[in-house]
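Working notes for the structure below.
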Amino acid sequence: MIALADCNNFYASCERVFDPSLNGKPVVVLSNNDGCVIARSNEAKALGIPMGAPVFQYKKLIEAERVQVFSTNFALYGDMSRRVMNILSESARDIEIYSIDEAFLDLGKGSDAELLQTVRILRKKVLQYTGIPVSIGVAPSKILAKIATHVAKKDPSCGFCYLLTDPIKRDTVLADYPVREIWGIGRRTAEKLRNMGIAKAAAFVKLSDAFILREFTITGLRMKQELLGKPAISFESSGKPKKAICTARSFGEMITSYEFLEQAVASHAVSCADKLRRQRSCAAAMTIFIHTNMFRKDLPQYCKNIVVKFPPTQNTLTLVRIAKNALREIYRENYAYKKAGVILMDFIQEDNRQGELFNAYPEDAREMELVRAVDLLNERYGRGTLRLADQGLLDKHALKQSRRSRSYTTRWSELLDISAGKSEK
DNA sequence: TCTGGGGTCCTAGGACCC
DNA sequence: TCTGGGGTCCTAGGACCC
């Protein structure tokens, strides 16, 4: 059986762990530059603040209802995630970490009573050790496990743990489950299904295989099988290297200067290169893109990307050079840029790298020693301790983060203060 | 004034091969 | 008059996820 463990309102819960006074209050966490709402506590959801809501549109509501607002604090969320995942992986045969707040677990075989017991203990352990509440659904396939978790979260009677192993129970749940909520069905597919008069999961699984294959491709057919309890989406153990690595940011303010744009692109290339080396890969292609602010209909718009191919490398200096050259090709004057990004693709593992017959990369070998030395120093003294001049000294493209909580678990200087007998503020 | 970031998978169509 | 059949690889773009 497969379990899906999903942290409840993860970012909001992380903030609450270190500030219990937030319990019972509406809490929201914002995207970079404090632009959109990307996480909400139940109380904030109840106020009708939608996912992705632009903050400025909800300012009045936020003030009137005293919603507690936080900038993103990925150092904190990433670290809390790691703790939660460690506990989960200790208690399962195998784990697939699906996102920062979700993991599939392979529970093996067991009676319903045993499985329920297992996940209840697990939930309790995660809560006790980290303070993060999770919901856990158990089912024979991933999509059903998703649905089980959904029930676990919504139905207060089940204590955040729900088993969807029995076919009769499954049919009951599917009869009432909207297709739009099925994992893998997005806006477009839901609309198409609605036009066909199909609203619930139960109606979807009654469609013939041939029809589903024609209208919704192999993806749709797999969904049907999964919904019927036949696994069609394989369990992928975590730790597989990524096939693409991307770093992209919106700017706090629009940028017109080529110099700053170049610094931002260089910084993104550096960050991609770091991630690339961490998974021991070399990249052979890069996309870089820039675009203006698409919400500003009053301003001229420009949006361009370019793909560059090159011999596989993991050398930061090489990747930055490539990124800078690519930027020069797509840059146009007289636009106010809002976002820039770098994507690395076409990976090979670093030890499978093919040598070149006429160029043994003597330059590259020397530079890689430098790059590795920089990695070591940054690891010991903190990210960004040593940086390239290309990245610029002024952090003009730095993020707006006016309400970030402390990095309680990852910075000595920001640990929680606790003093006996007094309430700490 | 103010609108996120980082991924995966699938398909269609073109280019090319014998 | 009539001009094959079978395949691979690559890319762009769409759809979806959290």
Residues that A/Y302 engages under ring pair (Phe, Tyr, Trp, His ring centres under 6.0 Å), provided they are two or more places apart
A/Y335
For A/S257 and A/E259, does a side-chain donor sit closer than 3.5 Å to a side-chain acceptor?
no
Would you tell me whether A/D79 and A/T409 have side-chain atoms, one donor and one acceptor, within less than 3.5 Å of each other?
yes
What does A/I245 touch in the nucleic acid at a heavy-atom separation under 4.0 angstrom: a base, only the sugar-phosphate, or nothing?
sugar-phosphate
Once you round it to whole Å, what is the distance between P of B/dC2 and CG of A/N33?
12 Å
How would you list, by chain and number, every residue that makes a side chain to side chain donor-acceptor pair (under 3.5 Å) with A/S271, sequence neighbours excluded?
A/T247
Using whole Å, what does the distance between atom P of nucleotide B/dC2 and atom CG of A/N293 come to?
7 Å
Test side-chain contact (heavy atoms from CB on, under 4.5 Å) applied to A/R372 and A/L376, step by step:
CA-CA 6 Å; A/R372 295 214 175 86; A/L376 282 174; 5.8 Å; no
How about A/R380 and A/T385: does a side-chain donor come under 3.5 Å of a side-chain acceptor?
no
Just to be sure I understand the geometry, which residues of residues 176-211 of chain A put a non-hydrogen atom under 4.0 Å away from DNA chain C?
A/I182, A/W183, A/G184, A/I185, A/G186, A/R187, A/R188, A/T189
Defining pairs by Watson-Crick or G-U wobble geometry with both distances under 3.5 Å, how would you list the stems of DNA chain C with at least three pairs each?
B:5-18 with C:5-18
By a strict heavy-atom criterion of less than 4.0 Å, which residues belonging to residues 67-82 of chain A are in contact with DNA chain B?
none
How long is the line joining CG of A/L344 and P of B/dT8, in whole Å?
12 Å
Between B/dT8 atom P and A/I97 atom CD1, what is the distance in whole Å?
15 Å
Enumerate the residues from residues 54-61 of chain A whose closest heavy atom to DNA chain B is under 4.0 Å, giving them by residue number; use none for an empty result.
A/P54, A/F56
Rounded to whole Å, NZ of A/K339 lies from C1' of B/dG4 at a distance of 6 Å
Quick one, which residues of residues 212-231 of chain A touch DNA chain B with a heavy atom under 4.0 Å?
A/T217, A/I218, A/T219, A/R222
Kindly point out which of C/dC18, B/dG6, B/dC2 is positioned nearest to the side chain of A/C246?
B/dG6
Can you confirm whether the side chains of A/D6 and A/S135 place a donor and an acceptor under 3.5 Å from each other?
no
For A/Y258, check ring pair (Phe, Tyr, Trp, His ring centres under 6.0 Å) against everything at least two apart and list the hits.
A/Y331
At a cut-off of 3.5 Å, list every protein nitrogen or oxygen paired with a nitrogen or oxygen from nucleotides 9-13 of chain C, distance to 0.1 Å.
residue: C/dT11; atom: OP1; partner: A/K309; partner atom: NZ; Å: 3.2

Of all the choices, B/dT1, B/dG7, B/dT3, which nucleotide is nearest to the side chain of A/C36 once you look at every atom?
B/dT3
Can you tell which of B/dC2, B/dG4, C/dC17 lies closest to the side chain of A/K146?
C/dC17
If only side-chain N and O atoms of A/R249 are considered, is one of them under 4.0 Å from the OP1 or OP2 phosphate oxygen of B/dG6?
yes
Whole-Å distance between B/dT1 P and A/F295 CZ?
15 Å
Do A/R321 and A/E367 meet the salt-bridge criterion of a basic N to acidic O distance under 4.0 Å?
yes
Using the test salt bridge (charged side-chain N to carboxylate O under 4.0 Å, His left out), find all partners of A/D155 that sit at least two apart in sequence or belong to another chain.
none
Whole Å only: how far is the CG atom of A/D6 from the P atom of C/dC17?
14 Å
Relative to each other, are the rings of A/H291 and A/F289 parallel, tilted or perpendicular (30° and 60° limits)?
parallel
Partners passing salt bridge (charged side-chain N to carboxylate O under 4.0 Å, His left out) against A/E262 (at least two apart in sequence or in another chain):
A/R328
Will you find, in the side chains of A/E96 and A/S237, an N or O donor that is under 3.5 Å from an N or O acceptor?
no
Between B/dC2 (C1') and A/N32 (CG): distance, integer Å
15 Å
For A/T165, all residues meeting side chain to side chain donor-acceptor pair (under 3.5 Å), sequence neighbours excluded:
A/D112
Is A/D101 touching bases, backbone alone, or none of the nucleic acid, heavy atoms closer than 4.0 Å?
sugar-phosphate
Going by distance alone, is a donor N or O of one side chain under 3.5 Å from an acceptor N or O of the other, for A/D34 and A/S71?
yes
N or O in side chain of A/S250 less than 4.0 angstrom from B/dG5 OP1/OP2
yes
